[in-house]
Amino acid sequence: MTCRPVPRLLRAPPLLRSSHSGSEQRLSGNTGCACIRGSSVWSPLRAWTPLRAWTPLRAWTPLRAWTPLRAWTPLRAWTPLRAWTPLRARSSQAAGPGLNVFDRQMKRRQREWTSAQSDAAQFEYIREEVGSRVADRVYDVARSFPLALDLGCGRSFIAEHLTTDVVEQFYLTDISPNCLKRLRPSEIPSRRVLADEEFLPFKDDTFDLVLSSMSLHWVNDLPGALRQVWRVLKPDGAFIAALPGGDSLYELRCSLQLAQTEREGGFSPHVSPFTAVTDLGQLLGRTGFTMLTVDTDELQVHYPGLMELLIDLQGMGESNCAWNRRSLLHRDSILAAAAVYKEMYGNPDGSIPATFDLLYMIGWKPHDSQAKPSKRGSATVSFGDLSKISSTTETS
């Protein structure tokens, strides 16, 4: 009888639940691999290989990803000589808003629009008044001028008040072609030239007289414009001009600022900046003009309300053209500004005043025949002797 060995019963491994796939698995005691019921897709050695899936040396290379010498080069990134060139910016007519104050192209379009209107004459009352006052100052000079130049003539508001006894021939310049086409009648022979106040296309020492009325306050480079005037003037030539001063339209400026601050929490400039009278005399002296005369005058116009004032300023071509202007003015701010205007500056009859501070300047190009001041210390009479003269006069 042959005895057969009883087969050894192997104990089955316990059932394990996979938290990943939810299937049952048994572990083999010898092979070390997992056998999953119903699936053979998951094997822990293949599914998670940390050395292959995450290689910090390849994924993060600080020397290649961050090179401070290339990423930050201060000498190449910041060159102050190229970034800020004031001479080139001021001499360019189409410069950007960060370099110039006024948009000259916008001002030209405004002048074109106002001069093309059929009722443009009813908005020219201020230009007519200022032009007549400039002509009066020309008559005060006891001499005649063979050739004169009018800068920013508009519709020729100065020449209509002059005669051929004072000026024999006129050159009229403006940036608007429509203004030059619709000039007012004058007895002085004139020629029209389309030119900018900052770039005069004339030779040196050409004119005996240069005039300007209500035009130079829209010039970006006022010192440069004065140098252009000085260049085209003949020796012993005169320069007479008028422009609004720093206190012009201060009622409108204050009303808009208070209304916008109350309604919108801040304000933006809606009235263009003007030149101060102290700066004007210094500019004339630095340019080279002699025998300077700078005086101020005040012109006040009364309007029914704020809207009438704004409409007239637009009809004059005096709308703001600064680069930092805000084109939109909210309705609530306008109504609030009108109320503030009447409350602070209104007249008893319900009208509101608008003040125009006008500056008049006269300068001469140097010449040997002009009167010169005496040397310091050459006086023969002391100011202390004036009291003796007055007492002697009273006694006699």
Side-chain angles (χ1 to χ4, degrees), residues 111 115 124 127-177 179-219 222 224-243 280 283-284 287-295 358-367 369-370:
R111 299 284 293 272
S115 59
E124 297 173 346
R127 294 184 180 275
E128 292 175 359
E129 180 64 26
V130 178
S132 64
R133 297 185 182 186
V134 173
D136 290 341
R137 285 164 171 77
V138 177
Y139 282 113
D140 292 338
V141 181
R143 58 178 291 187
S144 60
F145 302 95
L147 187 60
L149 171 67
D150 189 356
L151 294 179
C153 63
R155 294 183 59 198
S156 183
F157 299 101
I158 303 178
E160 64 174 352
H161 299 285
L162 298 176
T163 61
T164 54
D165 298 335
V166 180
V167 177
E168 298 178 5
Q169 188 177 2
F170 245 126
Y171 272 77
L172 306 175
T173 64
D174 200 273
I175 60 175
S176 171
C179 290
L180 296 177
K181 293 177 183 178
R182 304 179 62 184
L183 294 177
R184 293 192 172 195
S186 174
E187 64 179 56
I188 303 176
S190 60
R191 294 186 179 182
R192 310 169 188 180
V193 179
L194 184 65
D196 196 340
E197 292 87 351
E198 296 183 355
F199 308 97
L200 300 181
F202 304 107
K203 296 181 180 180
D204 298 351
D205 305 335
T206 303
F207 299 98
D208 303 281
L209 174 67
V210 176
L211 303 174
S212 179
S213 176
M214 301 293 290
S215 175
L216 292 178
H217 60 291
W218 293 117
V219 172
L222 185 56
L226 294 179
R227 287 192 294 268
Q228 291 282 326
V229 172
W230 192 90
R231 179 183 62 83
V232 300
L233 268 178
K234 292 181 179 179
D236 199 25
F239 171 56
I240 304 175
L243 70 161
L280 194 59
L283 289 176
L284 289 173
T287 305
F289 289 99
T290 59
M291 296 188 295
L292 306 179
T293 302
V294 178
D295 61 309
L358 303 176
L359 306 181
Y360 298 92
M361 53 183 172
I362 302 176
W364 294 79
K365 192 170 183 179
H367 191 261
S369 61
Q370 294 176 357

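Between Leu222 and Val219, the closest heavy-atom pair is N-CG1, 4.0 Å. Closest heavy-atom contact between Leu162 and Glu187: O-CG, 4.2 Å. The two atoms that bring Ala195 and Pro201 nearest to each other are CB-CD, 3.6 Å, heavy atoms only. Contact detail for Gly288 and Trp230: the closest heavy-atom pair is O-NE1, 3.5 Å. Of all non-hydrogen atoms in Thr173 and Leu149, the two that sit nearest each other are CG2-CD1, 3.7 Å.
Phe207 contributes atom CZ, which lies 9.0 Å from atom CD of Gln169 (distance to the nearest 0.5 angstrom). Separation of atoms CZ (Arg231) and OG1 (Thr287) is listed at 13.5 Å; rounding is to 0.5 Å. Taking CE of Met291 as the start and NZ of Lys365 as the end, the distance is 13.5 Å to the nearest 0.5 Å. In this structure, CG on Leu284 lies 5.5 Å from CG on Leu292, to the nearest 0.5 angstrom. Rounding to the nearest 0.5 Å gives a distance of 9.5 Å between CG of Asp150 and CG of Leu183. Rounding to the nearest 0.5 Å places OG of Ser156 at 12.5 Å from CZ of Arg127.
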Checklist entry - For Leu243 and Leu280, what are the C-alpha separation, side-chain angles and deciding distance, and is it a side-chain contact (heavy atoms from CB on, under 4.5 Å)? => result CA-CA 10 Å; Leu243 70 161; Leu280 194 59; 4.1 Å; yes
Next on the checklist: Applying salt bridge (charged side-chain N to carboxylate O under 4.0 Å, His left out) to Arg137 and Asp295, what does each step give before you reach the verdict?
Outcome noted: CA-CA 11 Å; Arg137 285 164 171 77; Asp295 61 309; 2.7 Å; yes
Item to check | Steps toward side chain to side chain donor-acceptor pair (under 3.5 Å) verdict (Glu197, Ser215) | outcome: CA-CA 8 Å; Glu197 292 87 351; Ser215 175; 2.6 Å; yes
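Residues Val193 and Phe202 meet the side-chain proximity criterion, which asks for heavy atoms closer than 4.5 Å. Contact of the Ile188 side chain with the Thr163 side chain is not registered, since no non-hydrogen atoms from C-beta on lie closer than 4.5 Å. Between Phe239 and Ile362 the shortest side-chain heavy-atom distance does not fall below 4.5 Å. The shortest side-chain heavy-atom distance between Ile240 and Val134 falls under the 4.5 Å cut-off. In this structure the side chain of Tyr171 never reaches within 4.5 angstrom of the side chain of Thr206, judged on heavy atoms. Contact annotation: the side chain of Val232 never approaches that of Asp205 to less than 4.5 Å [non-hydrogen atoms, C-beta and beyond]. Within the 4.5 Å cutoff, side-chain heavy atoms of Phe289 are placed close to those of Leu233. A heavy-atom distance below 4.5 Å is found between the side chains of Cys153 and Leu180.
Under the 3.5 Å distance criterion, the side-chain polar atoms of Ser176 are left unmatched by any main-chain donor or acceptor of Gly154. In terms of modelled atom types and a separation under 3.5 Å, the side chain of Thr293 and the main chain of Met361 share no donor-acceptor contact. Although no hydrogens or angles enter the test, the distance criterion places no donor-acceptor pair under 3.5 Å between the side chain of Glu160 and the main chain of Pro185.
Between the side chains of Ser144 and Glu168, not a single donor N or O lies within less than 3.5 Å of an accepting N or O.
Considering Leu172, Leu211, Leu200 in turn, Leu200 is the only one that fulfils the side chain to side chain contact (heavy atoms under 4.5 Å, CB included) rule with Leu151. Between Glu128 and the choices Arg184, His161, Arg155, the side chain to side chain donor-acceptor pair (under 3.5 Å) rule is met once, by Arg184.
Under the 4.0 Å criterion applied to side-chain N and carboxylate O atoms, Asp208 and Lys234 are assigned as salt-bridge partners. A salt bridge links Arg111 with Asp174: the distance from a Lys NZ or Arg NE/NH1/NH2 to an Asp or Glu carboxylate oxygen falls below 4.0 Å.
Note on ring orientation: taking the six-membered ring where Trp is involved, the planes of Phe145 and Trp364 are tilted (angle from 30° to 60°).
Heavy atoms from other residues, nucleotides or ligands lying under 6.0 Å from CZ of Arg191 number 12 at most.
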